[in-house]
Amino acid sequence: MEKLEIAAILEKRKPQLAAKRAMDIAVSGAALCVLWPVFLLVALAIVLDDPGPVFYRQVRVGRGGREFRIFKFRSMVADADKKGLAITVGRDSRITRVGTVLRKTKLDELAQLLNVFAGQMSFVGPRPEVPRYTALYTPYQRQVLLVRPGITDYASIAYRNENELLAGAEDPEKMYIEEIMPAKIELNMKYLRRISPLEDVRLILSTIAAVVRG
């Protein structure tokens with residue numbers, strides 16, 4: 001699909017996108033007010049398990065190719081990005097004990113409510129990549145940067161156990177770049193064609209169901 005066609009779809013759905021953003025602000029603001037005790041408990045568990053910062057803030061690429069720092073509750077040892085790949089493979093030794101629980105329950109992603117409220121992200125949208133990988137995007141693939149990235153999307157559900165898939169690869173990063181990343185982008189394109197507040201609600205419910213099943 002040509003870029004102009006995707007742009008045209010988004011242009012036609014401006015009212016829906018405005019409603020989507022309004023929903024993001026309202027829900028993220030309410031969630032931050034209600035969940036602050038959970039934030040404190042998670043922060044305490046992280047620090048007691050492995051001294052260091054509570055949040056992990058990594059540079060990601062957002063809407064329009066603009067870079068921002070994504071918030072995550074730290075699930076790895078401090079300075080983990082200097083001690084290995086930008087992707088997590090299998091039972092990565094950098095993951096802490098508390099981090100294992102946070103990743104399994106997706107509680108590490110809860111901190112991205114801050115990014116949603118700030119307008120850098122949405123609840124639903126293509127997961128933001130690191131600049132190292134977006135630099136490899138083709139013009140077709142860069143269409144996913146036309147919208148705000150999200151906390152969850154079709155790819156988050158389909159590749160929920162991505163690190164286990166990569167664990168069996170001879171070259172995990174090569175497999176990610178050549179196989180998994182393109183497949184994820186195709187799922188992102190599927191979302192772009194269906195983007196709406198109603199589709200967001202459906203995807204959020206599907207994500208919750210996947211976490212519970214997991």
Side-chain angles (χ1 to χ4, degrees), residues 1-14 16-18 20-21 24 56-72 81 84-89 103 106 108-109 112 115-116 118-200 202-204 206-207 210:
M1 180 174 284
E2 295 292 335
K3 181 174 181 179
L4 289 177
E5 290 180 298
I6 286 293
I9 289 173
L10 298 178
E11 182 66 27
K12 289 179 181 178
R13 295 182 184 172
K14 267 189 174 181
Q16 292 176 298
L17 294 177
K20 171 181 164 73
R21 178 57 192 148
D24 282 342
Y56 173 62
R57 298 189 65 198
Q58 186 184 45
V59 175
R60 298 290 180 97
V61 180
R63 185 182 182 187
R66 291 184 292 273
E67 294 184 358
F68 70 99
R69 287 191 176 273
I70 193 172
F71 278 95
K72 283 190 177 187
D81 53 345
L85 298 173
I87 52 177
T88 307
V89 180
R103 283 171 171 257
K106 296 299 181 182
D108 60 324
E109 311 283 358
Q112 285 158 50
N115 293 115
V116 174
Q120 298 160 330
M121 292 180 66
S122 175
F123 276 103
V124 180
R127 285 295 297 167
E129 277 285 11
V130 296
R132 171 184 175 85
Y133 296 139
T134 57
L136 303 175
Y137 282 5
T138 65
Y140 169 80
Q141 293 173 331
R142 290 191 68 82
Q143 292 178 102
V144 299
L145 302 179
L146 290 174
V147 297
R148 286 185 181 87
I151 295 178
T152 189
D153 60 359
Y154 292 122
S156 299
I157 299 170
Y159 288 93
R160 187 170 182 275
N161 298 316
E162 176 186 305
N163 60 331
E164 295 175 14
L165 291 174
L166 294 171
E170 184 176 338
D171 186 336
E173 188 168 44
K174 182 179 180 182
M175 179 182 180
Y176 181 77
I177 292 171
E178 296 182 357
E179 298 180 33
I180 294 179
M181 188 171 76
K184 281 184 170 183
I185 291 174
E186 285 305 318
L187 289 171
N188 294 157
M189 296 300 290
K190 175 182 175 182
Y191 172 71
L192 286 179
R193 297 181 185 110
R194 298 180 176 182
I195 191 168
S196 72
L198 185 60
E199 184 67 10
D200 283 9
R202 194 185 74 79
L203 266 168
I204 290 169
S206 296
T207 300

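- For the pair Arg69 (side chain) and Arg57 (backbone), a donor-acceptor distance under 3.5 Å is present.
- Atom CE of Met181 is separated from atom OH of Tyr159 by 12.0 Å, given to the nearest 0.5 angstrom.
- The CG atom of Leu203 sits 5.5 Å away from the CD1 atom of Ile157 when rounded to the nearest 0.5 Å.
- In this structure, the separation between CG on Asp171 and CG on Leu166 is 10.0 Å, given to the nearest 0.5 Å.
- Here the side chains of Pro149 and Arg60 are not in contact, with every heavy-atom distance at 4.5 Å or above.
- The minimum heavy-atom distance linking Pro131 with Val59 is given by the pair CD-O, 3.5 Å.
- Residues Met121 and Pro128 are in side-chain contact: their nearest non-hydrogen atoms beyond the backbone lie under 4.5 Å apart.
- Salt-bridge check for Lys184 with Glu129: failed, with every basic side-chain N at 4.0 Å or more from each acidic carboxylate O.
- The shortest distance between side-chain heavy atoms of Val124 and Lys20 falls below 4.5 Å.
- Side-chain contact, Asp200 with Tyr191: a donor N or O sits under 3.5 Å from an acceptor N or O.
- A side chain to side chain contact (heavy atoms under 4.5 Å, CB included) with Ile195 is found for exactly one of Leu146, Ile6, Val147, namely Val147.
- Judged purely by atom type and a 3.5 angstrom limit, Arg13 uses its side chain to pair as donor or acceptor with the backbone of Arg193.
- Gln141 places a side-chain N or O within donor-acceptor distance of the main-chain N or O of Thr138, the cut-off being under 3.5 Å.
- Looking only at side-chain heavy atoms (C-beta outward), Arg63 and Phe68 stay at 4.5 Å or farther from each other.
- The shortest non-hydrogen separation linking Gly62 to Leu145 is O-CD2, 3.8 Å.
- In this structure, the side chains of Arg127 and Ile70 come closer than 4.5 Å at one or more pairs of heavy atoms.
- No more than 12 heavy atoms of other residues, nucleotides or ligands shown are found within 6.0 angstrom of CG on Leu198.
- Of the inter-residue distances, the one linking Tyr154 atom OH with Thr207 atom OG1 reads 10.5 Å to the nearest 0.5 angstrom.
- Minimum heavy-atom separation, Leu187 to Ala155: CD1-CA, 3.7 Å.
- The CG atom of Asp108 sits 11.5 Å away from the OH atom of Tyr56 when rounded to the nearest 0.5 Å.
- Without hydrogens or angle criteria, Arg148 side chain to Gly119 main chain gives a donor-acceptor distance under 3.5 Å.
- Between the side chains of Gln143 and Tyr137, no donor N or O sits under 3.5 Å from an acceptor N or O.
- Atom CG of residue Asp153 and atom NZ of residue Lys190 lie 11.0 Å apart, to the nearest 0.5 angstrom.
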